[in-house]
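Taking it in order: structure first as structure tokens, then the write-up.
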Amino acid sequence: MEKYDHLKIEKKWQERWDKEGCYAAKDDSDKKKFYGLIEFPYPSGEGLHVGHIRSNTAMDIIARKRRAEGYDVLYPIGYDSFGLPTENFAIKTGIHPAEVTKQNTGKFREQLKSLGYSFDWSREIDTSNPEYYKWTQWIFLQLFKKGLAYKKRMTINWCPKDKIGLANEEVIDGLCERCGTVVEKREKDQWMLAITKYADRLDKDLDDVDYLEKIKIQQRNWIGRSEGSEIKFPITNYQFPNKSQESNSKKNTGNIWPKKILIGTRNEAKVKMFRDAFPKDFPFEVISLSDIPDIDDSDLVEGDDFKLNARLKSQFYYQKTGIPTVSTDQIQWIEKWPKDGGFVVHARKEANMETGRATDEEVGNWIEEIVHKYGESKATFHYAISFTDGRGTVDYVNVQREYILQKNKSPKTNEGYVFDRYMKDADTGEFRIEQPFHVAFSEFDQFIRHEFIRLFDLDNVDVFTTRPDTLFGATYLVLSPEHEKITDIKQQITNWQEVEEYIQISKNKTEQERTAEGKEKTGVELRGIKAINPANGEYIPVWIADYVLRHYGTGAIMAVPAHDKRDYEFAKKYNLGIRRVVEPKFVIKSGDTAYNPDYIHTGEGILHDSGIFDGMDSEEAKIKITEFTGGSVAVKYKLRDWVFSRQRYWGEPIPLVFCEECKRRAEIPNSPAFAKKLRRAKQYPIAKEEQINPGWVAVPEEDLPVKLPDVEKYQPTDTGESPLASVPKWVNVKCPKCHGPAKRETDTMPNWAGSSWYYLAYAMRGISNFSLDKTRDKQFSTSTCSVQAISKYKDVFGHWLPVDWYNGGMEHTTLHLLYSRFWHKFLYDEGYVPTHEPYAKRTSHGLILAHDGEKMSKSKGNVVNPDDLVTLYGADSIRLYEMFMGPFDQSIAWNSDSIIGVRRFLEKVWRISGKIDGETKSDMRVQSMLNQTIKKVSEDIEQMRFNTAISAMMIFVNFADREKNISQEIYEKFIQILAPFAPHISEEIWQMMGNNGYIHESEWPKYDEELVKDKDKKIAVQVNGKARAEIMVSETMDEKDIESAALKNEQVGKWIKGRKVKKVIVVKGRIVNIVLES
RNA sequence: GCCCGGGUGGCGGAAUUGGUAUACGCGCACGACUUAAAAUCGUGUCUCGAAAGGGAUGCGGGUUCGACUCCCGCCCCGGGCACCA
């Protein structure tokens, strides 16, 4: 028998497979389809990395197994060829990047072919081929037309070395991901893609796909969904006293807090009503206009729609007296809310005077009436307070939240008041009484203040929190320095200079400085204003600090230092209030108690110091307190929109032009008169995208691709403009819409663009043309890009989607996966693809590290060149080695010394094939061995446990090697399961054994479950849990038989002699454990 | 800090998911073949012990007839996120 000559064998079969194109997928097969995908390589000048081989081989094994199982398999390959290294090489050498790409892809193709992958080479793609990127541009245009692309002036991360804007994701610890240079800030207009509009679906739909759990977790972390509440904090420059502040004022004389509240009437009966309404310990003295005789209010006028503007009136009195005022006038009036265009409803329902309260129906009608009358949505109404009868009861109606509190007819109890609460039924829309609502005397002032306070507020700040249950512990508010509200209320801020300085400083800070670990928090108080804690009406200071991020949530937080570490740090530093309001249910550690002031309890628990919510469970309180304060449930995401512009040459040009004339036209609708005129003339309909991006006009689809022009220099400019900007002939074009002069967008797309849809290109490739390899492409006609054109791909998308199994690196599980899922979902919404997710299953391989355990890199000189190894050991050996080296999903260091092991295995396989014998009848032992191996290998491939699959085959081969001879029937089946791992040697042996067809066309061997089981099995006998003997058991023995066999065993006898057997545990087919009495 | 993995011989790693820990491979040692070497084949290879036997799966506890596997508390390594309210 000849020696195993891998060079000869591998070359022979690679040529034959290539010539016959036998791994090409059919787009219209009747067979079940299987689409296996690997991440297409970036064709760097360094050539194929051993890591590519690991991933490609794994999917090749699966693809080959699927073919044997009768699937029509699509296993494609291509090149992700736009990118920085190629451009940098072009800058250095002056060689056109397309030329560099062509050389590199050529090298990659050759290397990939030398490894014997069953790729469908006829579908090879290349993202930098204009025939490919015209579709990338086309997809971008669809996003643009749907308003999902928008230009935004923003501070970008700028790498001064690469001279490129970086996405947030490409900045690691403030350094450029590629070159490690410190990233700078620059202002630039950037194209953005609104991926955040898909955040909820990108999160939720992970439930529908079979991704490795850790990948789902990473995606979810990146999207960062969190549920919480949005709560409005009124901001005011009125100053009510807090109880605590009042006691403080005794120490600090000269405190300016008002002590009186003015009732804006001279009617003594009304004043009495008020006085009665306030509790005795309410910290105001209630006075009326009669007490201030020199006030002349005759110049107050009534508005058109309003019987009286109570707010103005209140302010008038406040200005005159310096005393906060409550007006009692009129029964029903509506007041325009000065800040947000809504209304305050001050109303006194003329209730049924017999019962002293409104009926359910009346309440419902009343709210509807108000809303209807003023034609506004309920959301724009604030709430109303009504004093319904002369008995001094306080009722409260909240229009926004559609509920009413009305004092119960029963006399007040010793503890406080009882209110009926009317809630609107969500289904019927009717109002009905819910459980009574208690307000204790001790909280009554809080309650009143809670209700009154908005009569005096300036504005609101929205706050997002996941812990509304801790609201009573919120002792200050923090806005991010970029928050617009700060300039809105600039007039009221008394230390504006200090505030402005702080805003400047944080603006100039780099991301790194702002987020550096262990960095001490800084901030400045906004003096002159206070926020009102909507839960207890308390005044709390408002700060700005750059530990609060503008882009997350509402850009403002309520600080609860007792229950949040960051707030605690800040509060300690600036001496702000700390109030515990949640106690853990169980004291786990002694340090967890309220007695330790430095313990910050961030978990759940039981509320206290929280007014009417005392004793409530924090989970329940989240909802209740949100309701109580008029907040709403809100969901926020960490995910940010995708910065889509790059100031580079080697990328897809963004297919838009900017036209001054069209900009002017698009902006016309801002003037209603012009818009009306235009509408009448039915001219120039203004498209949605033009409203979002005035002046930006899409290049017509039939003009795609917008090809990259030739440039003299690939060097990006220091001004931050792309090299494309220096080609006037290319930049200056006619506007496709108005035919006036216009300029092309000179930014290009990021690397992620081309790879966001490449799995579709493979499917399209059956009938289209994306390759740079011109010689092959002549047979394909070039099609125009359009909605009509893409419709012809519907059938192939329907056939191939979704990708059944996608394997790739962990480094791509966040961005690439998220971006391509986003694009796919968009295309799904537009009706171009049939599935809402692109990939049904996603797995990941571990990194291959160098010998030294470091990452392989040219600079470290520790790169392993696969070519030499393929020549020396053969592709089959390299494939096997990479699959055998360790668990597929784990990182592992390369060790060339170990390749010899799998090479020896293949030689043994080769040698045994020399002693197969058609005559030999295989006995049960051999049959059982083979069946066990088939089972193990079949199952392990599905689990990607290639290392143990190979180990099982090695065990089989070692076994077969010891046999005198082995039957062809047995060995053929073994070679079939080896074939996906080592296709060349298997094909050769298959042929040697006299088979005509290819082994990859043969049917995957089935195993017989009966033969897998051992009829007679050796099991262990333990005494007191220690293995002492082995006994043979057969399948027919029941537990009693096994027990007696074990007890009869000689070895066991030695151990149990003279001692009493307490218990015998028999696990069938596994073990016997004899427990002795101690 | 938070979220994922992981920790088993000289090394890469197995362990039917709670049932004889160290399969398979590398390396090493010895032996066979050979004038010799390579290749190949065979034997051995966690540790203490002459043996009988004991001890070992990062450390410390626990549950169990029985724990690498489950629970509690730590330590270390790798990856991801990171002032995300």
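No experiment lies behind these values; they were computed from the predicted model shown.
Residue contacts for A:Lys214: at a heavy-atom cut-off of 4.0 Å it reaches the sugar-phosphate backbone alone, with no base atom in range. Heavy atoms of A:Ile950 sit nowhere under 4.0 angstrom from any nucleic acid atom. Contacts of A:Ile217 with the nucleic acid, taken as non-hydrogen atoms under 4.0 Å apart, involve only primed sugar atoms and P, OP1 or OP2. If you check every strand for non-hydrogen atoms under 4.0 Å, A:Trp1055 touches sugar and phosphate atoms only. A:Lys908 comes within 4.0 angstrom of the backbone, heavy atoms only, and of no base. Nucleic acid contact for A:Asp567: none, since no nucleic acid atom lies under 4.0 Å from a heavy atom of the residue. Among the protein residues, A:Asn1024 comes within range of no part of the nucleic acid, since none of its heavy atoms lies under 4.0 Å from any strand. Contact annotation for A:Asn1073: base contact, defined as any heavy-atom pair under 4.0 Å involving a base atom. Note on A:Thr814: nothing from the nucleic acid sits closer than 4.0 angstrom, heavy atoms only. Here A:Glu213 lies out of heavy-atom contact (under 4.0 Å) with every strand. Residue contacts for A:Lys521: at a heavy-atom cut-off of 4.0 Å it reaches a base atom on one of the strands shown. Within 4.0 Å (heavy atoms only), A:Lys1018 reaches at least one base atom of the nucleic acid. Note on A:Ile899: nothing from the nucleic acid sits closer than 4.0 angstrom, heavy atoms only.
Nucleotide B:C77 holds its P atom 20 Å from the CG atom of A:Leu847, rounded to whole Å. In this entry the distance linking NZ of A:Lys565 with P of B:C83 reads 13 Å, nearest Å. Taking atom CZ on A:Phe884 and atom C1' on B:C11, their separation rounds to 13 Å, with Å as the unit. Taking atom CD of A:Gln219 as the reference point, atom P of B:C4 lies 16 Å away to the nearest angstrom. Per the geometry, CD belonging to A:Glu569 stands 14 Å off C1' belonging to B:A85, to the nearest Å. In this structure, the CG atom of A:Asp897 is 12 Å from the C1' atom of B:G25, given to the nearest Å. A:Gln1022 has its CD atom 17 Å from the P atom of B:U64, to the nearest Å. Rounding to whole angstrom units, CD1 of residue A:Ile955 and P of B:G25 are separated by 8 Å.
When only modelled atom types and interatomic distance are considered, A:His601 and A:Arg580 share no side-chain donor-acceptor pair under 3.5 Å. Under the 3.5 Å distance criterion, with hydrogens and angles disregarded, a donor-acceptor pair is assigned to the side chains of A:Tyr552 and A:Ser226. Side-chain contact of A:Gln932 with A:Ser928: a donor-acceptor pair under 3.5 Å is present, judged by distance alone. Residues A:Tyr873 and A:Arg903 bring no donor and acceptor atom of their side chains to less than 3.5 Å of each other.
Side-chain rings of A:Phe884 and A:Phe946 stay apart, their centers remaining 6.0 Å or farther from each other. For A:Tyr881 and A:Trp894, the distance between ring centers is under 6.0 angstrom.
Base pairing of B:G78 is made with B:C4, judged by Watson-Crick or G-U wobble geometry with both donor-acceptor distances under 3.5 Å. The pairing partner recorded for B:A37 is none, the criterion being a Watson-Crick or G-U wobble arrangement whose two distances lie under 3.5 angstrom. Nucleotide B:A85: unpaired (no Watson-Crick or G-U wobble partner with both distances less than 3.5 Å). Base-pair partner of B:G18: not found among the strands shown (Watson-Crick or G-U wobble, both distances under 3.5 Å). As the counterpart of B:G42, B:C30 is assigned, both hydrogen-bonding distances of the Watson-Crick or G-U wobble pattern falling under 3.5 Å.
Between A:Trp752 and A:Tyr819, the two ring planes are perpendicular [angle over 60°; tilted spans 30° to 60°]. Ring orientation note: the planes of A:Phe956 and A:Phe974 are close to parallel, at an angle under 30° on the 30°/60° scale.
The residue among A:Arg945 and A:Met885 whose nearest nucleotide of RNA chain B is located toward the 5' end is A:Met885. The 5' end of RNA chain B is approached more closely, in terms of each residue's nearest nucleotide, by A:Val1072 than by the other of A:Val1072 and A:Gln1051.
No hydrogens or angles were tested; on distance alone, a donor-acceptor pair under 3.5 Å links the side chain of A:Glu1030 to the base of B:U20.
Among B:A14, B:U16, B:U20, the nucleotide with an atom closest to any side-chain atom of A:Asn947 is B:A14. Proximity note for A:Pro887 (side chain, C-beta onward) versus B:G19, B:G53, B:G13: the nearest is B:G13. Distance from the side chain of A:Ile892 is smallest to B:G12 among B:A85, B:G12, B:C3.
Applying the 90° criterion around 0 to the glycosidic angle, B:G42 comes out anti.
Using atom C1' as the reference point in both B:A14 and B:U63, the two lie 27 Å apart (nearest Å). Distance check on atom P: B:G58 versus B:G54 gives 22 Å, rounded to whole Å. Taking atom P in both B:G1 and B:G13, the straight-line distance is 28 Å, to the nearest Å. Comparing the C1' positions of B:A23 and B:C4 gives an interatomic distance of 29 Å, to the nearest angstrom.
Look at A:Arg962 and you won't find any side-chain N or O under 4.0 angstrom from OP1 or OP2 of B:G42.
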